[in-house]
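Just so it is clear: chains get the letters A, B, ... in the order the sequence lines come, proteins before strands, and each one is counted from 1.
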2 protein chains.
Amino acid sequence: MAVETSQQEKILDAAYHCIAKQGYAHVTLRQIAKEAGVAVSQISYHYQNKEGLLLAVVTRAANKYQEYLQDYLKPDMTPKEKGDTLIRLYQQLLEEDVELFRVLYDLVGLSLWSEPFRLEVKEVFEGITEQITTEVFTDELMGELGYVYSSKTLASVFFGGLFGIAIQALLEQENEDIIKSLSALVVIFNK
Amino acid sequence: MAVETSQQEKILDAAYHCIAKQGYAHVTLRQIAKEAGVAVSQISYHYQNKEGLLLAVVTRAANKYQEYLQDYLKPDMTPKEKGDTLIRLYQQLLEEDVELFRVLYDLVGLSLWSEPFRLEVKEVFEGITEQITTEVFTDELMGELGYVYSSKTLASVFFGGLFGIAIQALLEQENEDIIKSLSALVVIFNK
DNA sequence: CTTTCAATCGGACGACCGTTCGAATCTGTG
DNA sequence: CACAGATTCGAACGGTCGTCCGATTGAAAG
(Lines give C-alpha, C1' and ligand atoms only; values in the text may rest on other atoms or scores of the structure.)
Protein backbone atom coordinates (compact mmCIF):
# COMPACT_ATOMS: atom_id res chain seq x y z
CA MET A 1 0.00 0.00 0.00
CA ALA A 2 2.25 2.72 -1.25
CA VAL A 3 1.24 6.18 -0.17
CA GLU A 4 0.37 8.38 -3.09
CA THR A 5 3.31 10.74 -3.32
CA SER A 6 3.41 13.50 -5.86
CA GLN A 7 6.33 13.58 -8.20
CA GLN A 8 7.29 16.94 -6.79
CA GLU A 9 7.60 15.39 -3.34
CA LYS A 10 9.57 12.43 -4.63
CA ILE A 11 12.10 14.79 -6.18
CA LEU A 12 12.50 16.70 -2.94
CA ASP A 13 13.01 13.47 -1.00
CA ALA A 14 15.58 12.27 -3.48
CA ALA A 15 17.43 15.59 -3.41
CA TYR A 16 17.58 15.53 0.37
CA HIS A 17 19.02 12.04 0.48
CA CYS A 18 21.47 12.66 -2.35
CA ILE A 19 22.79 15.73 -0.54
CA ALA A 20 23.09 13.74 2.67
CA LYS A 21 25.16 11.21 0.76
CA GLN A 22 27.41 13.42 -1.33
CA GLY A 23 26.93 17.07 -0.46
CA TYR A 24 25.37 19.70 -2.70
CA ALA A 25 28.63 20.27 -4.53
CA HIS A 26 28.81 16.78 -5.98
CA VAL A 27 25.13 16.16 -6.54
CA THR A 28 23.85 16.27 -10.09
CA LEU A 29 20.32 16.63 -11.29
CA ARG A 30 20.63 13.33 -13.10
CA GLN A 31 21.41 11.50 -9.87
CA ILE A 32 18.49 13.12 -8.12
CA ALA A 33 16.17 12.30 -10.99
CA LYS A 34 17.38 8.71 -11.07
CA GLU A 35 16.89 8.31 -7.31
CA ALA A 36 13.42 9.81 -7.61
CA GLY A 37 12.60 7.70 -10.66
CA VAL A 38 11.65 10.63 -12.87
CA ALA A 39 12.99 12.38 -15.92
CA VAL A 40 15.62 15.06 -15.42
CA SER A 41 13.46 17.68 -17.02
CA GLN A 42 10.89 17.21 -14.29
CA ILE A 43 13.17 19.01 -11.88
CA SER A 44 13.18 22.13 -13.99
CA TYR A 45 9.46 21.80 -14.41
CA HIS A 46 8.70 21.67 -10.68
CA TYR A 47 11.53 23.75 -9.23
CA GLN A 48 12.64 26.04 -12.05
CA ASN A 49 16.30 25.17 -11.71
CA LYS A 50 18.88 23.56 -9.44
CA GLU A 51 19.00 26.53 -7.09
CA GLY A 52 15.24 26.42 -6.66
CA LEU A 53 15.40 22.77 -5.74
CA LEU A 54 18.20 23.30 -3.23
CA LEU A 55 16.32 26.18 -1.63
CA ALA A 56 13.39 23.84 -1.19
CA VAL A 57 15.72 21.35 0.46
CA VAL A 58 16.79 24.04 2.93
CA THR A 59 13.17 24.54 3.89
CA ARG A 60 12.68 20.80 4.17
CA ALA A 61 15.69 20.39 6.46
CA ALA A 62 14.55 23.31 8.61
CA ASN A 63 11.10 21.78 8.90
CA LYS A 64 12.54 18.46 9.93
CA TYR A 65 14.58 20.23 12.59
CA GLN A 66 11.49 22.01 13.86
CA GLU A 67 9.56 18.74 14.00
CA TYR A 68 12.23 17.28 16.25
CA LEU A 69 12.03 20.33 18.49
CA GLN A 70 8.26 20.05 18.79
CA ASP A 71 8.55 16.37 19.61
CA TYR A 72 11.08 16.99 22.36
CA LEU A 73 10.33 20.38 23.91
CA LYS A 74 7.11 20.26 25.89
CA PRO A 75 5.46 23.46 27.14
CA ASP A 76 5.32 22.28 30.75
CA MET A 77 9.07 21.84 31.05
CA THR A 78 11.17 24.18 33.13
CA PRO A 79 13.84 26.23 31.32
CA LYS A 80 16.62 24.00 32.64
CA GLU A 81 14.73 20.91 31.57
CA LYS A 82 14.39 22.37 28.11
CA GLY A 83 18.12 23.00 27.99
CA ASP A 84 18.83 19.45 29.08
CA THR A 85 16.39 18.16 26.50
CA LEU A 86 18.07 20.12 23.73
CA ILE A 87 21.37 18.51 24.63
CA ARG A 88 19.80 15.07 24.62
CA LEU A 89 18.13 15.81 21.30
CA TYR A 90 21.48 16.63 19.71
CA GLN A 91 23.04 13.53 21.19
CA GLN A 92 20.28 11.39 19.81
CA LEU A 93 20.33 13.04 16.40
CA LEU A 94 24.07 12.46 16.13
CA GLU A 95 23.45 8.78 16.66
CA GLU A 96 20.21 8.22 14.78
CA ASP A 97 19.83 10.92 12.15
CA VAL A 98 23.29 12.11 11.25
CA GLU A 99 21.90 12.74 7.76
CA LEU A 100 20.15 15.83 9.08
CA PHE A 101 23.39 17.24 10.44
CA ARG A 102 25.29 16.65 7.25
CA VAL A 103 22.60 18.34 5.21
CA LEU A 104 22.45 21.27 7.61
CA TYR A 105 26.19 21.75 7.62
CA ASP A 106 26.33 21.46 3.87
CA LEU A 107 23.60 24.00 3.28
CA VAL A 108 25.16 26.43 5.74
CA GLY A 109 28.33 26.06 3.73
CA LEU A 110 26.44 26.79 0.55
CA SER A 111 24.99 29.88 2.17
CA LEU A 112 28.48 31.27 2.66
CA TRP A 113 28.77 31.81 -1.08
CA SER A 114 25.24 32.48 -2.24
CA GLU A 115 23.17 35.36 -0.97
CA PRO A 116 19.73 33.77 -1.43
CA PHE A 117 20.82 30.78 0.60
CA ARG A 118 22.50 32.98 3.21
CA LEU A 119 19.28 34.85 3.86
CA GLU A 120 17.28 31.64 4.09
CA VAL A 121 19.73 29.91 6.43
CA LYS A 122 20.22 33.03 8.51
CA GLU A 123 16.51 33.10 9.18
CA VAL A 124 16.54 29.48 10.25
CA PHE A 125 19.40 30.10 12.66
CA GLU A 126 17.80 33.21 14.08
CA GLY A 127 14.64 31.26 14.69
CA ILE A 128 16.57 28.65 16.61
CA THR A 129 18.44 31.11 18.83
CA GLU A 130 15.25 33.07 19.32
CA GLN A 131 13.53 29.97 20.61
CA ILE A 132 16.42 29.16 22.94
CA THR A 133 16.42 32.75 24.16
CA THR A 134 12.78 32.79 25.14
CA GLU A 135 12.29 29.20 26.27
CA VAL A 136 15.57 28.34 27.99
CA PHE A 137 17.18 31.57 29.12
CA THR A 138 14.00 33.05 30.52
CA ASP A 139 13.98 36.09 32.75
CA GLU A 140 13.40 33.80 35.67
CA LEU A 141 16.45 31.64 34.95
CA MET A 142 18.58 34.68 34.13
CA GLY A 143 17.76 36.18 37.51
CA GLU A 144 18.68 32.95 39.22
CA LEU A 145 22.02 32.66 37.40
CA GLY A 146 23.00 36.29 37.79
CA TYR A 147 25.09 36.50 34.63
CA VAL A 148 26.32 39.80 33.26
CA TYR A 149 25.38 38.57 29.80
CA SER A 150 22.04 38.93 28.09
CA SER A 151 19.78 35.97 27.45
CA LYS A 152 20.33 36.42 23.73
CA THR A 153 24.08 36.22 24.18
CA LEU A 154 23.82 33.06 26.24
CA ALA A 155 21.50 31.54 23.68
CA SER A 156 24.05 32.18 20.95
CA VAL A 157 26.76 30.62 23.08
CA PHE A 158 24.61 27.63 23.93
CA PHE A 159 23.56 27.01 20.36
CA GLY A 160 27.08 27.63 19.13
CA GLY A 161 28.31 25.03 21.55
CA LEU A 162 25.75 22.51 20.37
CA PHE A 163 26.59 23.10 16.75
CA GLY A 164 30.35 23.26 17.20
CA ILE A 165 30.52 20.07 19.20
CA ALA A 166 28.26 18.34 16.71
CA ILE A 167 30.70 19.22 13.94
CA GLN A 168 33.54 17.63 15.85
CA ALA A 169 31.41 14.53 16.22
CA LEU A 170 30.75 14.46 12.48
CA LEU A 171 34.47 14.39 11.80
CA GLU A 172 35.20 11.42 14.02
CA GLN A 173 34.50 7.81 13.24
CA GLU A 174 34.44 6.86 16.92
CA ASN A 175 32.59 9.85 18.26
CA GLU A 176 30.99 8.52 21.45
CA ASP A 177 33.24 10.59 23.69
CA ILE A 178 32.48 13.79 21.83
CA ILE A 179 28.76 13.08 21.80
CA LYS A 180 28.92 12.59 25.55
CA SER A 181 30.81 15.84 25.99
CA LEU A 182 27.71 17.66 24.77
CA SER A 183 26.37 17.05 28.27
CA ALA A 184 29.04 19.37 29.64
CA LEU A 185 27.18 22.28 28.08
CA VAL A 186 24.92 22.28 31.13
CA VAL A 187 27.68 24.24 32.88
CA ILE A 188 26.08 27.28 31.28
CA PHE A 189 22.93 27.00 33.36
CA ASN A 190 24.41 25.32 36.42
CA LYS A 191 26.48 28.24 37.58
CA MET B 1 61.47 44.28 -4.76
CA ALA B 2 59.27 41.32 -5.45
CA VAL B 3 60.11 38.28 -3.42
CA GLU B 4 61.04 35.35 -5.58
CA THR B 5 58.01 33.12 -5.34
CA SER B 6 57.98 29.74 -6.95
CA GLN B 7 55.18 28.99 -9.33
CA GLN B 8 54.08 26.21 -7.04
CA GLU B 9 53.64 28.73 -4.23
CA LYS B 10 51.79 31.17 -6.46
CA ILE B 11 49.30 28.46 -7.37
CA LEU B 12 48.71 27.62 -3.72
CA ASP B 13 48.15 31.28 -2.88
CA ALA B 14 45.71 31.68 -5.72
CA ALA B 15 43.82 28.54 -4.76
CA TYR B 16 43.48 29.75 -1.19
CA HIS B 17 42.09 33.11 -2.21
CA CYS B 18 39.78 31.67 -4.84
CA ILE B 19 38.31 29.28 -2.26
CA ALA B 20 37.90 32.16 0.19
CA LYS B 21 35.96 34.01 -2.50
CA GLN B 22 33.77 31.27 -3.93
CA GLY B 23 34.17 28.03 -1.99
CA TYR B 24 35.78 24.87 -3.24
CA ALA B 25 32.61 23.77 -4.96
CA HIS B 26 32.55 26.67 -7.39
CA VAL B 27 36.26 27.09 -7.93
CA THR B 28 37.69 25.89 -11.23
CA LEU B 29 41.29 25.16 -12.09
CA ARG B 30 41.13 27.78 -14.81
CA GLN B 31 40.22 30.50 -12.33
CA ILE B 32 43.03 29.48 -10.03
CA ALA B 33 45.49 29.38 -12.90
CA LYS B 34 44.38 32.80 -14.11
CA GLU B 35 44.67 34.29 -10.64
CA ALA B 36 48.14 32.77 -10.29
CA GLY B 37 49.14 33.87 -13.77
CA VAL B 38 50.14 30.41 -14.94
CA ALA B 39 48.92 27.81 -17.39
CA VAL B 40 46.22 25.42 -16.25
CA SER B 41 48.41 22.42 -16.89
CA GLN B 42 50.86 23.69 -14.30
CA ILE B 43 48.43 22.70 -11.58
CA SER B 44 48.43 19.09 -12.65
CA TYR B 45 52.19 19.27 -12.95
CA HIS B 46 52.77 20.51 -9.41
CA TYR B 47 49.83 18.98 -7.56
CA GLN B 48 48.82 15.92 -9.61
CA ASN B 49 45.16 16.88 -9.72
CA LYS B 50 42.52 19.10 -8.18
CA GLU B 51 42.25 16.99 -5.05
CA GLY B 52 45.97 17.22 -4.48
CA LEU B 53 45.84 20.99 -4.72
CA LEU B 54 42.90 21.23 -2.32
CA LEU B 55 44.65 18.97 0.17
CA ALA B 56 47.60 21.35 0.03
CA VAL B 57 45.22 24.22 0.73
CA VAL B 58 44.00 22.41 3.84
CA THR B 59 47.57 22.22 5.10
CA ARG B 60 48.11 25.86 4.26
CA ALA B 61 45.00 26.96 6.16
CA ALA B 62 46.01 24.84 9.13
CA ASN B 63 49.47 26.39 9.10
CA LYS B 64 48.01 29.87 8.99
CA TYR B 65 45.85 29.01 11.97
CA GLN B 66 48.87 27.69 13.85
CA GLU B 67 50.81 30.86 13.09
CA TYR B 68 48.06 32.92 14.65
CA LEU B 69 48.13 30.69 17.72
CA GLN B 70 51.88 31.08 18.09
CA ASP B 71 51.60 34.83 17.73
CA TYR B 72 48.95 35.05 20.42
CA LEU B 73 49.60 32.30 22.94
CA LYS B 74 52.74 33.05 24.94
CA PRO B 75 54.32 30.38 27.18
CA ASP B 76 54.29 32.59 30.27
CA MET B 77 50.54 33.09 30.23
CA THR B 78 48.34 31.47 32.83
CA PRO B 79 45.75 28.96 31.61
CA LYS B 80 42.95 31.45 32.08
CA GLU B 81 44.89 34.10 30.19
CA LYS B 82 45.36 31.66 27.35
CA GLY B 83 41.63 31.00 27.29
CA ASP B 84 40.91 34.71 27.21
CA THR B 85 43.46 35.17 24.48
CA LEU B 86 41.88 32.46 22.35
CA ILE B 87 38.57 34.22 22.59
CA ARG B 88 40.15 37.52 21.62
CA LEU B 89 41.94 35.82 18.75
CA TYR B 90 38.68 34.54 17.34
CA GLN B 91 37.08 37.95 17.74
CA GLN B 92 39.91 39.57 15.89
CA LEU B 93 39.98 36.97 13.13
CA LEU B 94 36.27 37.42 12.56
CA GLU B 95 36.89 41.09 11.97
CA GLU B 96 40.21 41.08 10.15
CA ASP B 97 40.70 37.71 8.49
CA VAL B 98 37.29 36.30 7.83
CA GLU B 99 38.82 34.64 4.78
CA LEU B 100 40.46 32.10 7.04
CA PHE B 101 37.16 31.17 8.61
CA ARG B 102 35.42 30.76 5.32
CA VAL B 103 38.18 28.53 4.01
CA LEU B 104 38.20 26.47 7.19
CA TYR B 105 34.45 26.00 7.16
CA ASP B 106 34.47 25.14 3.49
CA LEU B 107 37.21 22.55 3.83
CA VAL B 108 35.54 20.99 6.84
CA GLY B 109 32.46 20.69 4.67
CA LEU B 110 34.48 19.06 1.94
CA SER B 111 35.84 16.61 4.48
CA LEU B 112 32.32 15.40 5.22
CA TRP B 113 32.20 13.77 1.80
CA SER B 114 35.74 12.79 1.05
CA GLU B 115 37.72 10.43 3.22
CA PRO B 116 41.20 11.82 2.47
CA PHE B 117 40.04 15.28 3.46
CA ARG B 118 38.25 13.96 6.52
CA LEU B 119 41.42 12.39 7.86
CA GLU B 120 43.42 15.54 7.19
CA VAL B 121 40.89 17.88 8.78
CA LYS B 122 40.29 15.52 11.68
CA GLU B 123 43.97 15.67 12.50
CA VAL B 124 43.93 19.46 12.44
CA PHE B 125 40.95 19.58 14.78
CA GLU B 126 42.47 17.04 17.15
CA GLY B 127 45.63 19.12 17.28
CA ILE B 128 43.63 22.17 18.24
CA THR B 129 41.65 20.50 21.01
CA GLU B 130 44.81 18.77 22.21
CA GLN B 131 46.49 22.15 22.57
CA ILE B 132 43.51 23.60 24.43
CA THR B 133 43.43 20.56 26.66
CA THR B 134 47.04 20.83 27.76
CA GLU B 135 47.48 24.60 27.77
CA VAL B 136 44.15 25.92 29.00
CA PHE B 137 42.46 23.18 30.98
CA THR B 138 45.56 22.20 32.90
CA ASP B 139 45.47 19.97 35.95
CA GLU B 140 45.93 23.06 38.06
CA LEU B 141 42.95 24.88 36.58
CA MET B 142 40.83 21.73 36.62
CA GLY B 143 41.51 21.34 40.35
CA GLU B 144 40.53 24.92 40.95
CA LEU B 145 37.28 24.62 38.99
CA GLY B 146 36.25 21.26 40.42
CA TYR B 147 34.28 20.09 37.38
CA VAL B 148 33.11 16.54 37.04
CA TYR B 149 34.19 16.66 33.39
CA SER B 150 37.61 15.82 32.03
CA SER B 151 39.92 18.48 30.61
CA LYS B 152 39.51 16.90 27.18
CA THR B 153 35.75 17.22 27.40
CA LEU B 154 35.94 20.84 28.42
CA ALA B 155 38.40 21.55 25.61
CA SER B 156 35.95 20.08 23.09
CA VAL B 157 33.16 22.20 24.53
CA PHE B 158 35.28 25.33 24.53
CA PHE B 159 36.50 24.84 20.99
CA GLY B 160 33.03 23.85 19.86
CA GLY B 161 31.72 27.06 21.32
CA LEU B 162 34.35 29.13 19.54
CA PHE B 163 33.65 27.45 16.23
CA GLY B 164 29.89 27.41 16.54
CA ILE B 165 29.64 31.05 17.48
CA ALA B 166 32.01 31.96 14.68
CA ILE B 167 29.70 30.27 12.20
CA GLN B 168 26.79 32.35 13.41
CA ALA B 169 28.91 35.44 12.92
CA LEU B 170 29.73 34.37 9.37
CA LEU B 171 26.05 34.20 8.54
CA GLU B 172 25.25 37.70 9.74
CA GLN B 173 26.00 40.90 7.93
CA GLU B 174 25.90 42.93 11.13
CA ASN B 175 27.67 40.51 13.41
CA GLU B 176 29.14 42.74 16.10
CA ASP B 177 26.79 41.43 18.77
CA ILE B 178 27.60 37.82 18.00
CA ILE B 179 31.32 38.51 17.92
CA LYS B 180 31.01 40.10 21.34
CA SER B 181 29.07 37.14 22.65
CA LEU B 182 32.22 35.07 22.17
CA SER B 183 33.40 36.70 25.39
CA ALA B 184 30.68 34.90 27.28
CA LEU B 185 32.57 31.66 26.75
CA VAL B 186 34.69 32.59 29.77
CA VAL B 187 31.85 31.24 31.90
CA ILE B 188 33.51 27.86 31.39
CA PHE B 189 36.57 28.79 33.41
CA ASN B 190 34.97 31.32 35.74
CA LYS B 191 32.85 28.89 37.64
C1' DC C 1 78.84 24.14 -27.04
C1' DT C 2 76.09 20.16 -26.35
C1' DT C 3 73.22 17.31 -23.61
C1' DT C 4 69.77 16.51 -20.29
C1' DC C 5 66.02 17.10 -17.59
C1' DA C 6 62.80 19.81 -15.13
C1' DA C 7 59.53 23.55 -15.87
C1' DT C 8 56.16 25.84 -18.58
C1' DC C 9 52.87 26.54 -22.05
C1' DG C 10 48.74 26.30 -25.14
C1' DG C 11 45.62 23.40 -27.14
C1' DA C 12 42.79 19.55 -27.46
C1' DC C 13 39.91 15.60 -25.66
C1' DG C 14 36.20 13.24 -23.72
C1' DA C 15 32.95 13.53 -20.11
C1' DC C 16 29.42 15.54 -17.84
C1' DC C 17 26.81 19.43 -16.40
C1' DG C 18 22.19 22.29 -16.21
C1' DT C 19 18.87 23.66 -19.19
C1' DT C 20 15.59 23.60 -23.02
C1' DC C 21 12.22 21.87 -26.19
C1' DG C 22 8.91 19.26 -28.82
C1' DA C 23 6.25 15.32 -28.49
C1' DA C 24 3.61 12.03 -25.85
C1' DT C 25 0.62 11.04 -22.04
C1' DC C 26 -2.57 11.77 -18.49
C1' DT C 27 -6.64 14.14 -16.40
C1' DG C 28 -10.62 16.36 -15.86
C1' DT C 29 -14.30 19.18 -17.94
C1' DG C 30 -17.77 20.30 -21.42
C1' DC D 1 -16.30 11.44 -27.10
C1' DA D 2 -13.55 15.63 -27.78
C1' DC D 3 -10.81 18.96 -26.31
C1' DA D 4 -7.56 21.74 -23.23
C1' DG D 5 -4.26 22.14 -19.94
C1' DA D 6 -1.22 20.21 -16.84
C1' DT D 7 2.46 16.45 -16.51
C1' DT D 8 5.88 13.69 -18.03
C1' DC D 9 9.36 12.08 -20.97
C1' DG D 10 13.63 11.47 -23.77
C1' DA D 11 16.77 13.68 -26.61
C1' DA D 12 19.57 17.26 -27.68
C1' DC D 13 22.29 21.70 -27.02
C1' DG D 14 25.86 24.72 -25.67
C1' DG D 15 29.08 25.26 -22.31
C1' DT D 16 32.52 24.13 -18.96
C1' DC D 17 35.04 21.03 -16.45
C1' DG D 18 39.48 18.25 -15.16
C1' DT D 19 42.95 16.00 -17.44
C1' DC D 20 46.36 14.95 -20.80
C1' DC D 21 49.93 15.61 -24.34
C1' DG D 22 53.42 17.43 -27.50
C1' DA D 23 56.24 21.35 -28.13
C1' DT D 24 59.04 25.01 -26.26
C1' DT D 25 61.93 27.15 -22.92
C1' DG D 26 65.37 27.45 -19.16
C1' DA D 27 69.06 26.14 -16.56
C1' DA D 28 72.45 23.21 -14.98
C1' DA D 29 76.02 19.57 -15.95
C1' DG D 30 79.49 17.48 -18.94
Report task. Evaluate whether atom CD of B/E176 has more than 12 neighbouring non-hydrogen atoms of other residues, nucleotides or ligands under 6.0 angstrom away. Result -> no

Report summary line: Rounded to whole Å, CD of A/Q42 lies from C1' of C/dT20 at a distance of 13 Å

Query - Whole angstrom value for the distance that separates C1' of C/dT8 from CD of B/Q8 - result: 13 Å

Requested in this report: Taking only the side-chain heavy atoms of B/L29 (C-beta and beyond), determine which of D/dG10, D/dG18, C/dT19 contains the nearest atom.
Outcome: D/dG18

Requested in this report: Measure the distance from CG on A/L53 to C1' on C/dG18 and round it to the nearest whole Å.
Outcome: 12 Å

Report task. Return no unless some side-chain N or O of B/R30 is found under 4.0 Å from OP1 or OP2 of D/dT16. Result -> no

Report summary line: side-chain contact (heavy atoms from CB on, under 4.5 Å) with B/F189: of B/K80, B/E144, B/M142, B/K82, only one passes, and it is B/K80

Query raised in the report: Does the base of C/dG18 carry an N or O that pairs as donor and acceptor with the side chain of A/S44 under 3.5 Å?
Result: no

Query - Between D/dC17 (P) and B/I43 (CD1): distance, integer Å - result: 12 Å

Requested in this report: Counting heavy atoms from C-beta on, name the nucleotide in C/dT8, D/dC9, D/dC17 closest to the side chain of B/T28.
Outcome: D/dC17

**Report entry** Distance-only polar pair, side chains of B/S183 and B/Q91, donor-acceptor under 3.5 Å
**Finding:** yes

Requested in this report: In whole angstrom, give the distance that lies between atom CG of B/L54 and atom C1' of D/dG18.
Outcome: 12 Å

Query raised in the report: What orientation do A/Y105 and A/F163 show, parallel under 30°, tilted 30 to 60°, or perpendicular over 60°?
Result: parallel

Query raised in the report: At under 4.0 Å, does any side-chain N or O of B/H46 touch on OP1 or OP2 of C/dA6?
Result: no

**Report entry** Between C/dC16 (P) and A/H26 (NE2): distance, integer Å
**Finding:** 15 Å

Query raised in the report: Nearest nucleotide by nearest heavy atom, which residue falls closer to the 5' end of DNA chain C, A/S41 or A/Q31?
Result: A/Q31

Query raised in the report: Using a cut-off of 4.0 Å on non-hydrogen atoms, how would the nucleic acid contact of A/V38 be classed: base, sugar-phosphate, or nothing?
Result: sugar-phosphate

Query raised in the report: Can A/Q92 and A/Y68 be counted as having a side-chain donor-acceptor contact under 3.5 angstrom?
Result: no

Report summary line: Taken to the nearest whole Å, OH/A/Y24 to C1'/C/dG18 is 16 Å

Query raised in the report: Hey, does the side chain of B/Q7 come within less than 4.0 Å of C/dA7's phosphate (OP1/OP2), counting only N and O?
Result: no

Report task. Give a yes/no answer on whether the side chain of B/Y45 brings an N or O atom under 4.0 Å of OP1 or OP2 in C/dT8. Result -> no

Query - d(NZ, A/K34; P, D/dG10) in whole Å - result: 13 Å

